[in-house]
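None of the values given here were measured: they were computed from a predicted structure. For the numbers below, each heavy atom of this structure counts, side chains included, while hydrogens, waters and symmetry mates do not. Chain letters run A, B, ... following the sequence lines, proteins first, then strands; residues in each count from 1.
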2 protein chains.
Amino acid sequence: MDILASNLFSALSHETRLRCVMLLMQHDELCVCELTHAIGAAQPHVSRHLAQLRKLGLLVDRREGLWIHYRINPALPQWVADLLQNTLSGVQVLPPFKDDADVLGQMPNRPGAPRCA
Amino acid sequence: MDILASNLFSALSHETRLRCVMLLMQHDELCVCELTHAIGAAQPHVSRHLAQLRKLGLLVDRREGLWIHYRINPALPQWVADLLQNTLSGVQVLPPFKDDADVLGQMPNRPGAPRCA
DNA sequence: CCGATATATTCGATTGACGGTATATGGCGT
DNA sequence: ACGCCATATACCGTCAATCGAATATATCGG
């Protein structure tokens, strides 16, 4: 598992993608509907950007029934993992990242529970 | 001094800009001709990208006679400085970053000395 | 098999980033 | 004032990223 630095930064340069990654840094695993709800964007929008992050190797996905759960690739190079942690500590107190975490925390019907979104 | 995370990543997503920033992380201060030589690109190309980094607030410049010296903005938020250091430790051993540092080290006529480029 | 749900992908249009070349600015020496 | 040098910017054509909307895929329950 390796990753080109400029590709890493391109991936994180889009706010939707960065918001997804920051949420996943705080939750291990989230499904698309949770990310969509937290960010407040259209489903194809989020899905498209998740696909980019997955193709780059930054995220991995796991299907469970209808839901697809994403998480940060656990095999990331150490410096990349450090960089993400670093970024999280820098941005988690400010918008829109803080709000995303709050919205997710208050989301009803999280999957595993009966109904999603 | 503050900086938007997605703008930071956009700035670093271009290889020319990342190479400049990584060189400046290792040298405190470099003039445009040194960066141009190390990277092996055309002068307007490097200058244009340095301007972007400056406008974003990532770099500051200082004129000394004909030369303009760039350095990392010392007033960067801590998490940004940490992130850059983090990135440096991740990429400094691999191309093209390692080679840039080597080429710069072997550059003749560095400014301050009689002639540049 | 059919409908419903969660997610992914395609399509077509637009916008913004980038590159090369040419030119402008600004400072130095004479 | 003139020429030279280091650097910056303007112009313009091209290509890649992005978007909204529509559609496709996959899984489950009945």
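Of the residues in residues 44-62 of chain A, A:Pro44, A:His45, A:Arg48, A:His49, A:Gln52 come within less than 4.0 Å of DNA chain D through at least one heavy atom, sorted by number. Using a 4.0 Å cut-off on heavy atoms, none of the residues of residues 3-27 of chain A approach DNA chain C.
Summarising the geometry, the separation between CD1 on B:Ile39 and P on C:dG19 is reported as 12 Å, rounded to the nearest angstrom. For the pair B:Ile68 CD1 and C:dA24 C1', the computed distance is 14 Å after rounding to whole Å. Between the NE2 atom of B:His69 and the P atom of D:dA8 there is a distance of 11 Å, rounded to whole Å. As a whole-Å value, the separation of B:Trp67 CH2 from C:dC28 P is 10 Å.
Residues A:Leu23 and A:Leu30 meet the side-chain proximity criterion, which asks for heavy atoms closer than 4.5 Å. A heavy-atom distance below 4.5 Å is found between the side chains of A:Leu88 and A:Gln26.
Applying the side-chain hydrogen bond (donor to acceptor under 3.5 Å, both in side chains) test to residues at least two apart or on different chains, none of the pairs has a partner in residues 2-12 of chain B. Sorted by first and then second residue, the salt bridge (Lys or Arg N to Asp or Glu O under 4.0 Å) pairs involving residues 85-98 of chain B (not counting sequence neighbours) are B:Lys98-B:Asp102. Within the structure, ring-ring contact (aromatic ring centres under 6.0 Å, His included) pairs that include any residue of residues 70-97 of chain A do not occur (at least two apart or interchain).
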(Q) Return a single string for nucleotides 25-30 of chain D, one symbol per nucleotide in 5' to 3' order, where B is base contact, S is sugar-phosphate-only contact and - is none, cutoff 4.0 angstrom on heavy atoms. (A) -SBS--
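A sub-4.0 Å separation between OP1 or OP2 of D:dA6 and a side-chain N or O of B:Tyr70 is absent.
By the salt bridge (Lys or Arg N to Asp or Glu O under 4.0 Å) test, A:Asp100 is found to be paired with A:Arg19, residues two or more places apart in sequence or in another chain being considered. Every residue meeting the side chain to side chain contact (heavy atoms under 4.5 Å, CB included) condition with B:Ala41, not counting sequence neighbours, appears here in chain and number order: B:Ile39, B:His45, B:Val46. Among residues two or more places apart in sequence or in another chain, the salt bridge (Lys or Arg N to Asp or Glu O under 4.0 Å) test is passed with B:Asp99 by none. Take B:Glu29 and apply the salt bridge (Lys or Arg N to Asp or Glu O under 4.0 Å) test, not counting sequence neighbours, and it matches B:Arg62, B:Arg71. Scanning for side-chain hydrogen bond (donor to acceptor under 3.5 Å, both in side chains) contacts around B:Gln106 gives an empty result, with sequence neighbours left out. Annotation: salt bridge (Lys or Arg N to Asp or Glu O under 4.0 Å) contacts of B:Arg54 (sequence neighbours excluded): B:Asp61.
For A:Gln43 against C:dA8, a side-chain N or O and a base N or O form a donor-acceptor pair under 3.5 Å.
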